[in-house]
Amino acid sequence: MRMSQLFGRTLKEIPSEAEISSHQLLLRAGMIHRLVVGMYSYLPLAYRSIRKIEQIIREEMNAIGGQEINMPLVHPAELWQESGRWQSLAGKELAGFTDRFDRQLVLAMTHEEAVTDLARNIINSYRQLPCQLYQIKLKFRDELRPRAGLIRVREFVMKDAYSFHTSQADLDQYYDQIHQAYLNIFHRAGIDVVVVDSDTGMIGGSAAHEFMLVCESGEDNLILCSECNYTANAEVAVFQKPETETQPLQPLVEVATPGQQTIEEVATFLGVKKNQTLKAVFYTTSEGETVFVVIRGDLEVNQTKLVNALGSEVRIASAEEVSANNLVAGYASPIGINAHRAGLASIKIVVDESVTTTTNLVAGANKVGYHLKNANYPRDFQADIVTDLALAEEGSTCVKCGGQLSLKKGIEVGNIFKLGTKYSEAMKATYLDQNGKAQPIVMGCYGIGVGRLLASVVEANHDEHGIIFPKSIAPYQIHLMHIGKGQEVADTAEKLYADWMEQGLEVLYDDRSESPGFKFKEADLIGLPLRVTVSQKTVSADSVEIKHRDHIDRELVRIDDFDPNPNQVEDRLL
RNA sequence: CGAGGCGUAGCGCAGUCUGGCAGCGCAUCUGCUUUGGGAGCAGAGGGCCGCAGGUUCGAAUCCUGCCGCCUCGACCA
């Protein structure tokens with residue numbers, strides 16, 4: 001490709017809309033263009049990379065028996081009602097429209113429903129199982145707040161794969177194969193990922209893992225053990241809660257704590273540690289019910305764990321909801337709460353297990369200015385649910401090995417789910433087993449955000465001058481240019497370009513008469529793996545100058561000795 | 001949806017407080033010179049100053065409403 005013909009324009013300055021490196025560089029290199037927030041056009045250079053990423057994905061999915069298909073972008077709303085997801089997603093991430101016949105249609109945000117419909121129509125027998133289908137397909141998600149360029153967008157291409165099995169055991173072993181295929185894909189694309197335990201969220205199922213690029217601009221919080229292999233999304237991370245010395249139970253005593261509302265204040269005022277206090281936090285469920293959450297003062301509530309314990313979405317209760325429930329902010333506790341709230345509907349009490357193993361805690365007295373000392377579970381209060389609700393943090397202790405956990409940011413580039421029979425049961429996708437008996441198909445689903453992967457590769461592979469593309473997904477392998485005056489220089493470059501094109505090499509040829517500095521800067525910005533320069537100096541030595549994007553040094557090589565085939569040139573990034 | 005910030009040429013910005021010819025740099029076009037790290041000179045084109053209404057002799061500037069963009073939060077692959 002001649003750069004004089006290439007569609008796209010590089011920018012010297014960073015567009016004000018871009019905050020993170022990948023967004024800035026993709027914009028500056030003229031690779032992407034925003035139509036509106038969360039919707040991007042891919043220009044020729046970026047789209048070549050995208051196609052290479054897709055090809056890597058195809059190869060790895062095909063290698064484990066995947067068959068590529070293509071399902072519709074627009075679905076009838078009934079399909080989503082049938083799976084039961086309509087209720088929680090319609091009008092949120094799931095956007096739609098009404099057609100001229102007044103039928104309700106939705107834009108697919110994922111394809112579990114569509115593929116389950118396909119499976120129930122095509123799969124009848126255990127003989128057809130297991131199988132795996134995948135597609136590389138547009139999705140639309142009506143995100144509240146798209147951000148960070150290609151990282152979180154509303155319209156995006158996703159590789160989504162679905163596998164079908166006769167048993168959980170068969171799914172389990174295939175899940176491991178998918179896991180390995182994903183590691184291969186990300187490695188080949190040029191990034192190192194960390195696989196973490198994750199929440200199953202709106203997709204559902206029994207287990208899930210996320211593939212994360214650890215990087216500062218990520219929006220997920222990861223908990224990683226420094227000693228062993230424990231890794232988890234902070235949403236689900238478990239940890240060893242600091243233990244406190246068990247003491248003989250003391251009788252409840254009311255103490256005046258005027259103006260002391262926060263855990264910090266109360267602990268300091270009474271001269272106890274934060275882990276000797278009891279924290280009360282209020283949430284409201286999507287059904288409008290207020291929930292009273294109790295956790296030890298040194299710990300924070302993990303909202304995802306709470307949602308999973310309740311089986312309902314929650315948000316922090318508003319001040320109005322707290323007072324309407326006759327809860328005294330700053331002084332609330334579960335002790336005597338029913339008597340205190342006499343006349344109101346009973347409130348659900350959810351207790352973190354830490355509270356049940358700690359003795360003689362300081363708790364609120366349900367009246368302004370007073371706390372209770374020596375609160376003990378279950379002597380003084382009861383719970384509707386006791387479970388792990390605590391949020392793992394930097395420095396928490398690993399449950400597996402006792403090592404120290406650290407908190408890192410990450411970009412989720414892929415995820416894998418064991419769906420089990422969630423969709424097949426809801427949508428009656430069954431097969432006949434060896435005994436002629438109908439059984440629900442056991443399913444798994446697996447996603448990779450293609451555009452997000454491109455952005456992640458750039459995020460992980462760049463320097464202050466620009467992108468450093470791995471060979472595997474570089475738009476072109478060679479950035480050829482001529483610099484300086486002289487017909488012989490231009491002719492030599494033209495000849496090399498013609499020869500290499502004939503050999504089928506991927507060459508981006510800067511045939512413009514710009515200054516050397518301009519061309520070098522632009523080459524660094526675009527970041528192709530190998531730069532080949534023709535100048536007076538090189539021509540007079542029958543040579544070209546080569547420079548690898550990820551090296552500093554340059555090298556003169558005789559043209560006759562130079563094999564530009566990417567497999568022949570030094571291979572650092574794969 | 002809550003908080004904060006910002007909308008002026010393709011990109012980056014000044015001008016807004018204190019109303020009075022719409023500017024600068026980069027990019028683009030023409031010509032000449034230049035050619036190893038985003039060249040120089042001369043000239044040219046490009047604007048509904050986010051949109052609508054209001055105040056005023058006069059509005060980019062003041063007032064009202066709306067829209068869009070960015071960041072944080074909420075939420076979420």
Side-chain angles (χ1 to χ4, degrees), chain A residues 8-20 23-24 27-28 30 33-38 88-89 92-94 109-112 139-149 151-154 156-160 198-204 208-212 217-220 233 235 283-284 286 303-304 307 313-318 410-417 445-453 456 464-466 481-486 489-490 510 512-526 531 533-538 545 547 552 554 556:
Chain A
R9 165 160 50 196
T10 61
L11 299 173
K12 201 183 285 191
E13 288 173 288
I14 300 168
S16 60
E17 72 188 60
E19 191 90 349
I20 71 166
H23 191 196
Q24 295 179 349
L27 285 171
R28 285 191 53 215
H33 183 262
R34 191 186 67 201
L35 180 63
V36 290
V37 62
S88 56
L89 292 170
K92 294 182 179 168
E93 285 76 21
L94 187 63
M109 52 181 287
T110 174
H111 280 78
E112 282 77 20
K139 308 284 186 251
F140 186 87
R141 293 190 186 177
D142 201 357
E143 294 284 350
L144 279 176
R145 191 161 77 84
R147 54 182 295 275
I151 300 294
R152 180 165 297 278
V153 290
R154 302 215 295 168
F156 61 102
V157 170
M158 177 172 170
K159 185 288 297 174
D160 45 325
S198 72
D199 189 45
T200 54
M202 64 101 182
I203 300 283
H209 291 87
E210 293 167 337
F211 293 73
M212 295 282 187
S217 52
E219 53 183 349
D220 284 281
N233 192 307
E235 290 181 344
Y283 289 85
T284 300
S286 48
Q303 201 163 310
T304 302
V307 166
E313 294 296 320
V314 297
R315 58 177 169 77
I316 293 275
S318 67
I411 298 172
E412 181 189 346
V413 287
N415 53 21
I416 57 179
F417 293 82
C445 75
Y446 321 98
I448 292 176
V450 176
R452 184 183 281 187
L453 178 51
S456 299
E464 67 272 29
H465 303 295
M481 68 172 76
H482 61 75
I483 57 172
K485 279 198 290 197
V489 171
D510 195 343
R512 303 168 301 177
S513 52
E514 297 287 348
S515 71
F518 182 90
K519 288 183 166 183
F520 289 143
K521 289 284 186 192
E522 208 157 77
D524 287 345
L525 180 59
I526 293 170
R531 189 181 84 191
T533 307
V534 180
S535 69
Q536 285 287 8
K537 189 173 74 183
T538 70
E545 176 191 274
K547 178 183 177 300
I552 294 172
R554 299 166 296 184
L556 270 188

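Residue numbers begin at 1 in each chain, while the letters A, B, ... track the order of the sequences.
Under the Watson-Crick and G-U wobble criteria, each requiring two contacts below 3.5 Å, nucleotide B:A52 is paired to B:U64. In this structure, B:C1 and B:G73 make a Watson-Crick or G-U wobble pair, each of the two defining distances being under 3.5 angstrom. In this entry B:A9 has no Watson-Crick or G-U wobble partner, no candidate having both defining distances under 3.5 Å. The partner of B:U35 cannot be assigned: no Watson-Crick or G-U wobble pair with both contacts below 3.5 Å exists in any strand. With a cut-off of 3.5 Å on both pairing distances, B:C21 has no Watson-Crick or G-U wobble partner at all. The nucleotide B:C29 finds its pairing partner in B:G43, both defining distances of the Watson-Crick or G-U wobble pair being shorter than 3.5 Å.
With C1' as the reference atom, B:G45 and B:U55 are 36 Å apart, rounded to whole Å. Nucleotides B:U16 and B:C1 have their P atoms positioned 33 Å apart, rounded to a whole Å. The C1' atoms of B:G15 and B:A22 are separated by 9 Å, rounded to the nearest whole Å. For B:U64 and B:G4, the P atoms lie 16 Å apart once the distance is rounded to whole Å. B:C70 and B:U8 have their P atoms separated by 14 Å, given to the nearest Å. Rounded to whole Å, the separation between the C1' atoms of B:G36 and B:G31 comes to 26 Å. Using P as the reference atom, B:G40 and B:U35 are 14 Å apart when rounded to the nearest Å. Comparing the same atom, P, in B:C21 and in B:U61 gives a spacing of 13 Å after rounding to whole Å.
Following rounding to the nearest Å, A:Lys159 (NZ) and B:A77 (P) show an atom-to-atom distance of 17 Å. For the pair A:Met212 CE and B:A77 P, the interatomic distance rounds to 11 Å; values are reported in whole Å. In this entry the distance linking CZ of A:Arg147 with C1' of B:G68 reads 19 Å, nearest Å. Atom P of nucleotide B:G68 and atom CZ of A:Arg154 are separated by 10 Å, given to the nearest angstrom. For A:Phe140 and B:A77, the CZ to P distance is 16 Å, given to the nearest whole Å. To the nearest angstrom, C1' of B:C70 lies 13 Å from CD1 of A:Ile20. For the pair A:Ile151 CD1 and B:C70 C1', the computed distance is 16 Å after rounding to whole Å. Computed from coordinates, the A:Ile14 CD1 to B:C70 P distance equals 16 Å when rounded to whole Å.
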Please list, pair by pair, any protein nitrogen or oxygen found under 3.5 Å from a nitrogen or oxygen in nucleotides 6-9 of chain B.
none

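Ionic pairing of A:Glu219 and A:Arg147 is present here: one or more N-O contacts between side-chain nitrogen and carboxylate oxygen are shorter than 4.0 angstrom. Taking 4.0 Å as the cut-off between side-chain N and carboxylate O, A:Arg531 and A:Glu545 count as a salt-bridged pair. Using a cutoff of 4.0 Å between basic side-chain nitrogens and carboxylate oxygens, A:Glu522 and A:Lys12 are not scored as salt-bridged.
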Across nucleotides 24-42 of chain B, 5' to 3', mark each nucleotide with B, S or - according to how protein heavy atoms within less than 4.0 Å reach it.
-BSS-------BBBBS---
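You'll find the side chain of A:Glu112 stays beyond 4.5 Å of the side chain of A:Asp160, heavy atoms only. With a 4.5 Å cut-off on side-chain heavy atoms, A:Phe211 and A:Ile448 do not count as touching. Put simply, the side chain of A:Lys139 does not reach to within 4.5 Å of the side chain of A:Met109, judged on heavy atoms. The shortest side-chain heavy-atom distance between A:Phe520 and A:Met481 falls under the 4.5 Å cut-off.
Minimum heavy-atom separation, A:Thr10 to A:Leu525: CB-CD2, 4.0 Å. Nearest heavy atom pair, residue A:Ala18 against residue A:Gln24, reads O-NE2, 3.3 Å.
Under 4.0 angstrom from either OP1 or OP2 of B:G12 there lies at least one side-chain N or O belonging to A:Ser16.
A distance of 10.0 Å separates CG of A:Leu94 from CZ of A:Arg141, quoted to the nearest 0.5 Å.
At distances below 3.5 Å, at least one donor-acceptor pair connects side-chain atoms of A:Arg452 with backbone N or O atoms of A:Ile151.
Heavy atoms of A:Glu412 sit under 4.0 angstrom from primed sugar atoms or phosphate atoms, though from no base atom. Base contact: A:Val153 has a heavy atom under 4.0 Å from a base atom.
Under the rule for a side-chain hydrogen bond (donor to acceptor under 3.5 Å, both in side chains), A:Ser535 has no partner lying at least two apart in sequence or in another chain.
Residue order along RNA chain B, read from the 5' end via each residue's closest nucleotide, puts A:Pro15 first among A:Pro15 and A:Val157.
Stacking between A:Phe156 and the base of B:A77 is present: ring centres sit under 5.5 Å apart and the planes differ by under 30 degrees.
When distances are taken from the side chain of A:Glu19 to each of B:C69, B:U71, B:C11, the shortest belongs to B:U71.
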